[in-house]
Number of protein chains: 2
Amino acid sequence: MSSVPAFKRLPRAVREQQMLDAAVKVFSRRGFHAASMDEIAEDAGISKPMVYAYLGTKEELFVACLHREGTRMMQAIAGAAAPDLPADERLWRGLRAFFGFVGAHRDGWAVLYRQARGEQPFAGELATMRARLVEVVAGMLDHALRAEGREIAAIDLEVVAYALVGATESLADWLADHPEADPEKTATRMMNVAWLGAAQLLHGVTWRPPTD
Amino acid sequence: MSSVPAFKRLPRAVREQQMLDAAVKVFSRRGFHAASMDEIAEDAGISKPMVYAYLGTKEELFVACLHREGTRMMQAIAGAAAPDLPADERLWRGLRAFFGFVGAHRDGWAVLYRQARGEQPFAGELATMRARLVEVVAGMLDHALRAEGREIAAIDLEVVAYALVGATESLADWLADHPEADPEKTATRMMNVAWLGAAQLLHGVTWRPPTD
DNA sequence: GCGTAACCCTACGCACGAGTAGGTATGCTC
DNA sequence: GAGCATACCTACTCGTGCGTAGGGTTACGC
């Protein structure tokens, strides 16, 4: 009379994803330290030792979250912005993909952006990912410049790229807190600021997405 | 034979500032949770119960740090950007004051920006301060628009302001990690991005600070 | 020169949460 | 259907760090 167990046994790969889902959710709500392994385990519908068996210590679990969400995001962006398009087109597609991702994975974004920044052991990890993004944007700008036969100091380029990435992240943060907001529209607004600048906007010049 | 005490007794106001200095330092290095009251007390050259007597619990202490650093920053900006100047001039002065502040108070900035964002109880507090900044920038843009007899949706204005603030914060973060960088120069770069936009920069248009 | 208030300490209680020990059940293979 | 690997659990240990009890010492008013 094997009373049907409340919940089934599941293969490791599935349980790991459930655990990561739960971890991302709890980490994003509570922050790394305030999140407890007990809560994560409970939220995943499993007991704590299983989490340790599969994903390791709390730090390792957090890093696993970071990697999964980071990789997902990078893939979303890279898949959208083909390298042989003109700069504005690439920027636009990258932005749209990025805001789309954040809109669909608000928790994941919160873990990456809000939590990992402050905590010592992970800040570096995150900074690396961010640096890759900055590099891409800087490369894009540089490419566009060379096409016009012009040039600019590498440091300036990097700083400009940094500012663009920062502005984008900031709007993404805004988006994460405004569930009713439209990612597409937010991307358009970002494009206006980044591409045209405040002065142009004040003079009535606006950028509109290409009708694709 | 009262052996001269190792360190003098000091009035409350002085000790409180020393404690806040230590707290900002430790919080910025370790993060809220990882920072221990013992370390803060030791760093302030005082014993733990004194910290509790003067500044209250750990949370209250953190809020006190937030308030002090936030107020200092707001004053630095407000003091620089007179409300009756043209928009670009105001923006420039505000940016310069802001980057100057961050350059001089890197720890304080780290507490505000990197730590307070993620931790639940403080995120709101910080968001309020940030909202005030966004409001100021949005108001500035709106003012400039009306002067030209034009208008724009309030939401769009706010989002643009948000992006500008975000880009600025992001560069400030970059500045905090690059001790050799010049705040003034960073402000100029930010001005270029925000005011002219990427497209203009790519076409060789640049903005230069007024020779005051 | 004595009371009293402010300053300051050592040493602890106690809760919370990371990580583990040790064992049970289930399904898959041959 | 015996053997074995894998999934899963309850129930602990133990360190860490917040917050405090209880008491000592210096300065200042009167």
Side-chain angles (χ1 to χ4, degrees), chain A residues 1-27 29-65 115 118-122, chain B residues 1-23 25-65 115 118-122:
Chain A
M1 187 167 126
S2 64
S3 62
V4 179
F7 265 13
K8 275 202 300 195
R9 298 180 128 209
L10 291 172
R12 177 170 183 151
V14 175
R15 272 278 131 86
E16 278 183 348
Q17 291 308 311
Q18 291 178 345
M19 289 174 187
L20 285 175
D21 289 341
V24 166
K25 183 171 148 193
V26 176
F27 279 138
R29 274 166 189 35
R30 304 240 191 264
F32 176 73
H33 283 278
S36 82
M37 293 298 268
D38 290 274
E39 184 176 356
I40 291 170
E42 188 184 0
D43 198 282
I46 207 82
S47 74
K48 200 168 43 158
M50 287 309 295
V51 180
Y52 279 89
Y54 284 174
L55 279 325
T57 70
K58 193 179 182 184
E59 287 204 0
E60 288 165 342
L61 174 60
F62 191 82
V63 169
C65 291
Q115 308 303 332
E119 309 293 339
Q120 264 308 315
F122 316 116
Chain B
M1 187 163 133
S2 65
S3 62
V4 179
F7 265 11
K8 275 201 299 194
R9 298 180 128 205
L10 292 172
R12 175 167 186 154
V14 175
R15 272 278 132 86
E16 279 183 349
Q17 291 307 311
Q18 291 178 346
M19 289 175 188
L20 285 174
D21 289 341
K25 184 171 148 194
V26 175
F27 279 137
S28 74
R29 274 167 189 34
R30 304 239 190 266
F32 175 73
H33 282 279
S36 82
M37 293 297 269
D38 290 273
E39 185 177 354
I40 291 170
E42 188 184 359
D43 198 284
I46 207 84
S47 74
K48 201 168 43 158
M50 287 310 296
V51 180
Y52 279 88
Y54 284 175
L55 278 325
T57 71
K58 195 180 182 184
E59 286 205 359
E60 288 165 343
L61 173 60
F62 191 83
V63 170
C65 291
Q115 307 303 331
E119 310 295 340
Q120 263 308 318
F122 317 116

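Everything quoted here is computed from the prediction, not taken from an experiment.
No side-chain heavy atom of Lys25(B) sits less than 4.5 Å from a side-chain heavy atom of Ile40(B). Between Gln115(A) and Phe32(A), every side-chain heavy-atom pair lies at or beyond the 4.5 Å cut-off. Using a 4.5 Å cut-off on side-chain heavy atoms (C-beta onward), Glu59(A) and Pro121(A) make contact.
No hydrogens or angles were tested; on distance alone, nothing pairs the side chain of Lys58(A) with the base of dG19(C) as donor and acceptor under 3.5 Å.
For the pair Lys48(B) and Leu10(B), nearest-nucleotide mapping onto DNA chain C gives the more 5' position to Leu10(B).
We find that CE of Met50(B) is positioned 14 Å from C1' of dT10(C), with the value rounded to whole Å. For Tyr54(B) and dC8(C), the OH to C1' distance is 8 Å, given to the nearest whole Å. For the pair Tyr52(B) OH and dC12(C) C1', the computed distance is 14 Å after rounding to whole Å. Atom pair Ile40(A):CD1 and dG19(C):P shows a separation of 11 Å (rounding to whole Å applied). The distance from atom CG of Asp38(A) to atom P of dT13(D) is 16 Å, rounded to the nearest whole Å. Across the protein-nucleic acid pair, Leu61(B) atom CG and dG17(D) atom C1' stand 15 Å apart, rounded to whole Å. Note: CD (Glu39(A)) to C1' (dG17(C)) measures 12 Å, nearest angstrom. Straight-line distance from the CZ atom of Arg9(A) to the P atom of dG27(C): 6 Å, rounded to whole Å.
Residue Thr57(A) places its side chain closer to dG19(C) than to any other of dA21(C), dG19(C), dC8(D). When each of dG17(C), dC7(C), dC9(D) is scored by its nearest atom to the side-chain atoms of Ser36(A), the top-ranked nucleotide is dG17(C).
Side-chain N or O atoms of Glu60(A) include one that pairs as donor or acceptor with a backbone N or O of Thr57(A) at under 3.5 Å.
At the heavy-atom level, Met37(B) lies under 4.0 Å from the strands shown only through sugar-phosphate atoms. Counting any heavy atom pair closer than 4.0 Å across all strands shown, Ala35(B) reaches sugar-phosphate atoms only and no base atom. Counting any heavy atom pair closer than 4.0 Å across all strands shown, Ser47(B) reaches a base atom.
The pair Arg30(A)-Glu39(A) meets the salt-bridge criterion, with a side-chain N (NZ, NE, NH1 or NH2) lying under 4.0 Å from an Asp/Glu carboxylate O.
The side chain of Arg15(A) contributes an N or O atom lying less than 4.0 Å from OP1 or OP2 of dC8(D).
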